[in-house]
Amino acid sequence: YKMIEIDPGTAFGTGKHDTTQLCIKNLCKYVKPGDKVLDLGCGSGILSIVAKMLDASRIDMNDIDEAAVKASKENFEMNHLSLDNVNIACENVIDDEAAKAKYKEEKYDVVVANILADVIIPIAGFVDKFLKPGAIFISSGIIYMKEDDVKKAIEGNGNLELVEVTKQGDWVSIIAKRKDV
């Protein structure tokens with residue numbers, strides 16, 4: 001294991017939270033060298049930093065908070081990681097059609113969203129369009145009582161299938177896969 005230094009500044013995410021740890025474990029399980037990764041709601045950038053350390057070839061990340069974009073760049077630098085093939089945008093992927101179009105065009109091997117159940121639920125409706133066939137969607141930030149709501153949203157997207165659910169403390173991470181269509 002390699003140490004990651006994180007200064008979240010005013011952005012969210014030090015790496016100590018259960019949901020972050022769940023996402024890191026799942027990234028370690030699913031990201032392969034050369035993968036393209038999309039980090040929705042990147043916060044301090046910690047999940048993208050992990051993806052970079054796992055040799056992802058390209059990482060796109062976004063957050064609705066300008067402070068998160070700034071913190072993410074600084075945390076990449078603090079960990080001596082290059083921002084080559086790393087793109088960070090301040091945007092709201094739920095409301096921003098241009099952002100959606102950009103990610104649909106790209107197609108990713110892994111999309112990770114560690115946000116909140118109420119934000120993941122709408123994202124589950126269209127995230128399949130960002131995924132290559134057979135690609136993985138890792139979601140977390142889901143408090144246990146919202147697990148069924150998120151599962152329903154994922155199952156409601158006919159192009160996604162549930163792969164596994166991992167839990168830590170009161171928190172849940174739900175992994176889905178884009179069907180090979």
Side-chain angles (χ1 to χ4, degrees), residues 1-9 11-65 67-91 93 99-100 102-116 119-120 123-124 127-142 160 163-164 166 168 171-178:
Y1 292 109
K2 218 172 154 190
M3 285 294 286
I4 298 175
E5 287 182 60
I6 295 291
D7 177 359
F12 182 82
T14 59
K16 291 189 171 69
H17 198 277
D18 286 338
T19 63
T20 310
Q21 291 177 12
L22 283 166
C23 284
I24 290 170
K25 287 175 193 160
N26 287 320
L27 286 169
C28 290
K29 182 172 180 177
Y30 290 106
V31 174
K32 297 174 299 307
D35 276 358
K36 278 169 63 175
V37 176
L38 173 60
D39 182 355
L40 298 173
C42 62
S44 63
I46 185 166
L47 299 178
S48 290
I49 286 169
V50 169
K52 184 81 168 176
M53 289 176 164
L54 292 168
D55 292 326
S57 63
R58 177 188 172 124
I59 299 163
D60 290 339
M61 49 204 292
N62 67 21
D63 202 288
I64 59 171
D65 183 356
V69 172
K70 183 173 181 282
S72 292
K73 286 181 181 157
E74 289 167 359
N75 285 321
F76 262 81
E77 285 161 16
M78 199 186 318
N79 286 281
H80 311 291
L81 294 170
S82 114
L83 283 163
D84 292 348
N85 299 318
V86 176
N87 304 294
I88 310 173
C90 187
E91 60 197 5
V93 77
K100 276 189 192 136
K102 176 174 66 175
Y103 300 130
K104 282 178 191 172
E105 184 87 10
E106 275 307 324
K107 299 276 190 271
Y108 299 87
D109 298 288
V110 176
V111 174
V112 61
N114 183 21
I115 315 178
L116 288 168
V119 181
I120 290 166
I123 288 172
V127 74
D128 61 295
K129 294 174 179 62
F130 302 167
L131 294 164
K132 295 175 182 173
I136 296 292
F137 174 47
I138 299 168
S139 63
S140 195
I142 304 160
L160 294 175
V163 175
E164 68 174 317
T166 55
Q168 187 170 315
W171 300 91
V172 180
S173 176
I174 299 173
I175 292 90
K177 182 170 140 178
R178 181 172 163 195

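The first residue in the sequence is number 1, and the count goes up from there.
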Asker: Could you tell me the separation between the CE atom of Met61 and the NZ atom of Lys52, rounded to the nearest 0.5 Å?
Answerer: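 It comes to 11.0 Å.
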Asker: Closer than 3.5 angstrom, by distance alone: can the side chain of Ser140 be matched with the main-chain N or O of Cys23 as a donor-acceptor pair?
Answerer: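 Pair absent, no side-chain N/O of Ser140 close to backbone of Cys23.
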Asker: Determine whether a donor-acceptor pair (N or O, by modelled atom type, separation under 3.5 Å) exists between the side chain of Asn62 and the backbone of Gly41.
Answerer: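 At least one qualifying donor-acceptor pair exists.
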Asker: Does Ile115 reach the side chain of Ile123, with side-chain heavy atoms less than 4.5 Å apart?
Answerer: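 Of all side-chain heavy-atom pairs linking Ile123 with Ile115, at least one is under 4.5 Å.
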Asker: When you measure from the side chain of Thr19 to the backbone of Trp171, do you find a donor-acceptor pair of N or O atoms at a distance under 3.5 Å?
Answerer: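 Checked: no pair found.
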Asker: If I take atom CD from residue Glu164 and atom OG from residue Ser173, how far apart are they, to the nearest 0.5 angstrom?
Answerer: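 Reported to 0.5 Å precision, the distance equals 8.0 Å.
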Asker: Would you confirm whether Asp55, through its side chain, and Gly34, through its main-chain N or O, come within 3.5 Å as a donor-acceptor pair?
Answerer: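 Side chain of Asp55 to backbone of Gly34: no pair is present.
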Asker: Please tell me if the side chains of Glu105 and Phe130 come closer than 4.5 Å, counting only heavy atoms from C-beta onward.
Answerer: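 They are not in side-chain contact.
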Asker: Go through Ile136 and Ile175 one step at a time and tell me if the side chain to side chain contact (heavy atoms under 4.5 Å, CB included) criterion holds.
Answerer: CA-CA 7 Å; Ile136 296 292; Ile175 292 90; 3.7 Å; yes
Asker: May I ask you to test the Val111-Ile138 pair for a side-chain heavy-atom distance under 4.5 Å?
Answerer: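 Not in contact.
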Asker: Before you tell me yes or no, could you show the steps for Ser82 and Phe76 under side chain to side chain contact (heavy atoms under 4.5 Å, CB included), namely the whole-Å CA-CA distance, both residues' side-chain angles and the distance that decides it to 0.1 Å?
Answerer: CA-CA 7 Å; Ser82 114; Phe76 262 81; over 6 Å; no
Asker: What pair of heavy atoms forms the shortest contact from Ser48 to Asp39, and how long is it?
Answerer: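 The answer is OG-OD2, 2.8 Å.
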Asker: Any sub-3.5 Å donor-acceptor pair from Asp35's side-chain atoms to Lys32's backbone N or O?
Answerer: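 Judged by distance alone, yes, a pair lies under 3.5 Å.
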Asker: Whether the side chain of Asp63 engages the backbone of Cys42 through a donor-acceptor N/O pair (distance < 3.5 Å, no angle test) should be reported.
Answerer: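 Here the side-chain-to-backbone pair exists.
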Asker: Do Leu83 and Ile88 pass the side chain to side chain contact (heavy atoms under 4.5 Å, CB included) test, and can you show the C-alpha distance, the side-chain angles, and the key distance before you say yes or no?
Answerer: CA-CA 9 Å; Leu83 283 163; Ile88 310 173; 4.2 Å; yes
Asker: Does Lys70 NZ have over 12 foreign heavy atoms under 6.0 Å away?
Answerer: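 No, NZ of Lys70 has 12 or fewer neighbouring heavy atoms, counting only those of other groups under 6.0 Å.
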Asker: Side-chain contact, heavy-atom cut-off 4.5 Å: Phe137 with Lys177?
Answerer: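 Counting from C-beta outward, Phe137 and Lys177 never come under 4.5 Å.
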Asker: Taking Asn79 for its side chain and Leu81 for its backbone only, find out whether a donor-acceptor pair lies under 3.5 Å.
Answerer: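 Not at all, since once roles are kept as given, no pair shorter than 3.5 Å links the two residues.
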Asker: Got Tyr108 and Val37 here, is their nearest side-chain heavy-atom distance under 4.5 Å?
Answerer: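 Answer no - side chains too far apart.
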Asker: Rounded to the nearest 0.5 Å, what separation is found between the CD1 atom of Ile24 and the NZ atom of Lys29?
Answerer: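 Interatomic distance, Ile24 CD1 to Lys29 NZ, rounded to 0.5 Å: 16.0 Å.
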Asker: Would you indicate whether Ile64, at its atom CD1, is surrounded by more than 12 heavy atoms from other residues, nucleotides or ligands within a distance under 6.0 Å?
Answerer: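 Result for CD1/Ile64: open.
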Asker: For a 4.5 angstrom cut-off between non-hydrogen side-chain atoms, does Asp109 reach Val31?
Answerer: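 No, side chains not in contact.
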Asker: Rounded to the nearest 0.5 Å, what separation is found between the CD1 atom of Ile46 and the CG atom of Asn75?
Answerer: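 Answer for the CD1-CG pair, Ile46 versus Asn75, is 8.5 Å.
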Asker: For Lys36 and Ala56, indicate whether the former's side chain and the latter's backbone hold a donor-acceptor pair under 3.5 Å.
Answerer: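 No.
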Asker: Apply side chain to side chain contact (heavy atoms under 4.5 Å, CB included) to the pair Ile174 and Val163, showing each step before the final yes or no.
Answerer: CA-CA 8 Å; Ile174 299 173; Val163 175; over 6 Å; no
Asker: Any side-chain heavy atom of Val172 within less than 4.5 Å of one from Thr166?
Answerer: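 Of all side-chain heavy-atom pairs linking Thr166 with Val172, none is under 4.5 Å.
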Asker: What's the spacing between Asn26 CG and Leu47 CG if we round to 0.5 Å?
Answerer: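 Going from the CG atom of Asn26 to the CG atom of Leu47 covers 10.5 Å.
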Asker: Does a side-chain N-to-carboxylate-O contact under 4.0 Å join Lys129 and Glu106?
Answerer: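 Looking at Lys129 and Glu106, the cut-off is not met.
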Asker: Nearest 0.5 Å, what's the NZ-CG distance between Lys102 and Asn87?
Answerer: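 One gets 7.5 Å once the value is rounded to the nearest 0.5 Å.
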Asker: Backbone N or O of Leu131 within a donor-acceptor pair of the Arg178 side chain at under 3.5 Å?
Answerer: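 Judged by distance alone, yes, a pair lies under 3.5 Å.
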Asker: Any heavy-atom pair between the side chains of Thr20 and Asn114 that's under 4.5 Å?
Answerer: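 The answer is yes, as the side chains (C-beta and beyond) meet within the 4.5 Å cut-off.
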